[in-house]
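In this chain, residues are counted from 1 in sequence order.
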Amino acid sequence: MSGDGEPVVTDTQVSVRGVHGYDVSKISYIGKDCTKIPSFLSRKYGHLAKRLDLSFNLLRTLDGLEGFSCLEELILDNNQLDDHVSFPPLPKLHTLTVNKNQLTDLESLLDTLASVAPVLEYLSLLGNQACPNELVSPEKDEDDYQRYRYFVLNKLPNLKFLDARKVTRKEQEVAVSRGAFMKIVKPKEIQVPSGAEYSSPDLTYTPLPSLSRDPTNHRGVLGKCRYIYYGKHSEGNRFIRDDEL
């Protein structure tokens, strides 16, 4: 019996919790430092689990999640998931939290979730670079965060909660009309080589060929040129009569 009165059974470091007995629909595998989802989890609980908590691990991939076909809630907080993460189809998922990971590409993530989780209602991305929350990104302000919310709601119009706040009717209206234009684009950083890799040649400019003159000699230089000027279109060669002067 746990401290809160819930019975806990540890089966290969898996916590199965329930109120009046074991509830195999709620699976917790927390703080095990795993980099991927153990295969035995899906084999033993995948067809039964409705809630899966994998927080406080070192997950870099979600391979194996496809075995949880009945998932309604998925907790992935405090892992190492980045923009390369791939989500399998989760047709029943209504709650997803991916707080404190390494997600930066917001648009790509939202497009993926719109496709694989069509009934998603609760999403939390706090603590990721993709979420410009001023509590974790001091250079961002409330306006940045509000634009982010409009953009997310435009992509996922069925959301009822985003991060820690309920979605308002006004936000839904703005998201429909202007949310697609609220994307916050981070300017790309251009790496300029330094030192010997990037140095302009120390040459003195001269319009004459390099061998035609000595830079210290300022006297005129006589040379041949291939271009011949005939003065065909020159205004100076036009005949002007006396009465035109």
Side-chain angles (χ1 to χ4, degrees), residues 13-15 26-39 41-42 46 49-68 71-90 92-142 144-156 158-165 167 182-186 188-189:
Q13 294 185 318
V14 180
S15 296
K26 298 179 180 180
I27 306 299
S28 297
Y29 194 76
I30 303 173
K32 307 303 180 184
D33 293 338
C34 59
T35 58
K36 61 181 181 180
I37 301 174
S39 58
L41 280 180
S42 59
K50 294 183 178 180
R51 184 182 191 275
L52 178 62
D53 189 345
L54 297 172
S55 55
F56 293 96
N57 281 290
L58 302 174
L59 293 179
R60 298 177 180 273
T61 175
L62 295 180
D63 291 348
L65 191 60
E66 63 275 5
F68 293 84
L71 273 188
E72 298 177 1
E73 299 180 52
L74 178 59
I75 315 300
L76 298 170
D77 300 342
N78 292 277
N79 278 283
Q80 297 180 6
L81 300 173
D82 59 20
D83 295 332
H84 297 97
V85 65
S86 177
F87 286 84
L90 299 167
K92 298 181 180 181
L93 191 72
H94 59 68
T95 298
L96 173 63
T97 68
V98 203
N99 300 313
K100 294 187 178 181
N101 277 269
Q102 299 173 9
L103 301 170
T104 63
D105 190 341
L106 178 62
E107 185 170 18
S108 177
L109 175 65
L110 297 179
D111 288 340
T112 298
L113 294 180
S115 175
V116 304
V119 298
L120 192 65
E121 295 182 345
Y122 182 100
L123 174 65
S124 187
L125 300 174
L126 293 171
N128 290 279
Q129 188 176 340
C131 173
N133 184 275
E134 57 186 333
L135 296 178
V136 294
S137 301
E139 72 278 7
K140 303 297 182 180
D141 56 24
E142 180 61 25
D144 291 321
Y145 180 68
Q146 187 61 65
R147 286 192 294 270
Y148 148 86
R149 288 179 65 87
Y150 290 143
F151 184 72
V152 173
L153 294 174
N154 178 267
K155 292 283 189 177
L156 303 175
N158 293 328
L159 287 185
K160 295 181 179 179
F161 281 84
L162 176 56
D163 300 329
R165 283 163 44 181
V167 175
M182 298 290 186
K183 180 181 178 181
I184 299 177
V185 180
K186 180 181 178 181
K188 295 182 179 180
E189 295 182 359

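- Counting heavy atoms from C-beta outward, Phe161 and Thr95 have side chains that stay 4.5 Å or more apart.
- Side-chain contact between Lys50 and Lys26 is absent, with no heavy-atom pair separated by less than 4.5 Å.
- Asp53 and Ser55 get closest at one heavy-atom pair: OD1-OG, 2.7 Å.
- A side-chain donor-acceptor contact under 3.5 Å links Asp83 to the backbone of Asp105.
- To the nearest 0.5 angstrom, Leu71 atom CG is 6.0 Å from Leu65 atom CG.
- No side-chain heavy atom of Phe151 sits less than 4.5 Å from a side-chain heavy atom of Arg147.
- Atom CG of Leu76 is separated from atom CG of Leu52 by 7.5 Å, given to the nearest 0.5 angstrom.
- Note that CG of Leu159 is 10.5 Å distant from OH of Tyr122, once rounded to the nearest 0.5 Å.
- Residues Phe68 and Leu74 fail the side-chain proximity criterion, which asks for heavy atoms closer than 4.5 Å.
- Atom NE2 of His94 sits about 7.5 Å away from atom CD of Glu121, to the nearest 0.5 Å.
- A donor-acceptor contact shorter than 3.5 Å links the side chain of Ser42 to the backbone of Ser39.
- The shortest distance between side-chain heavy atoms of Leu106 and Asn128 does not fall below 4.5 Å.
- Here Tyr148 and Tyr145 bring their ring centres to under 6.0 angstrom of each other.
- Note that CD of Glu72 and CZ of Arg51 are 11.5 Å apart. Values are rounded to the nearest 0.5 Å.
- Heavy atoms from other residues, nucleotides or ligands lying under 6.0 Å from NZ of Lys155 number more than 12.
- Formation of a donor-acceptor pair under 3.5 Å by the Asn158 side chain with backbone atoms of Leu156 is not found in this model.
- Side-chain contact between Arg60 and Leu58 is absent, with no heavy atoms from C-beta onward closer than 4.5 Å.
- When each of Thr97, Asp163, Leu110, Leu109 is tested with Leu123 by the rule side chain to side chain contact (heavy atoms under 4.5 Å, CB included), just one qualifies, namely Leu110.
- Checked options Ile27, Ile37, Ile75; the residue passing with Leu54 is Ile37 (criterion: side chain to side chain contact (heavy atoms under 4.5 Å, CB included)).
- Side-chain contact between Leu59 and Cys34: present, with at least one pair of heavy atoms (C-beta onward) separated by less than 4.5 Å.
- When side chains are defined from C-beta on, Asn78 counts as touching Lys100, because their heavy atoms get closer than 4.5 Å.
- Between the side chain of Gln146 and the backbone N or O of Asp144, no donor-acceptor pair lies under 3.5 Å.
- Residue Cys131 is tested with Val152, Leu125, Thr104 for a side chain to side chain contact (heavy atoms under 4.5 Å, CB included); the sole match is Leu125.
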Before giving the answer on side chain to side chain contact (heavy atoms under 4.5 Å, CB included), spell out for Leu93 and Val116 the whole-Å C-alpha distance, their side-chain angles and the decisive distance to 0.1 Å.
CA-CA 9 Å; Leu93 191 72; Val116 304; over 6 Å; no
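- Between the CG atom in Asp77 and the CG atom in Asn57 there is a gap of 11.5 Å [rounded to 0.5 Å].
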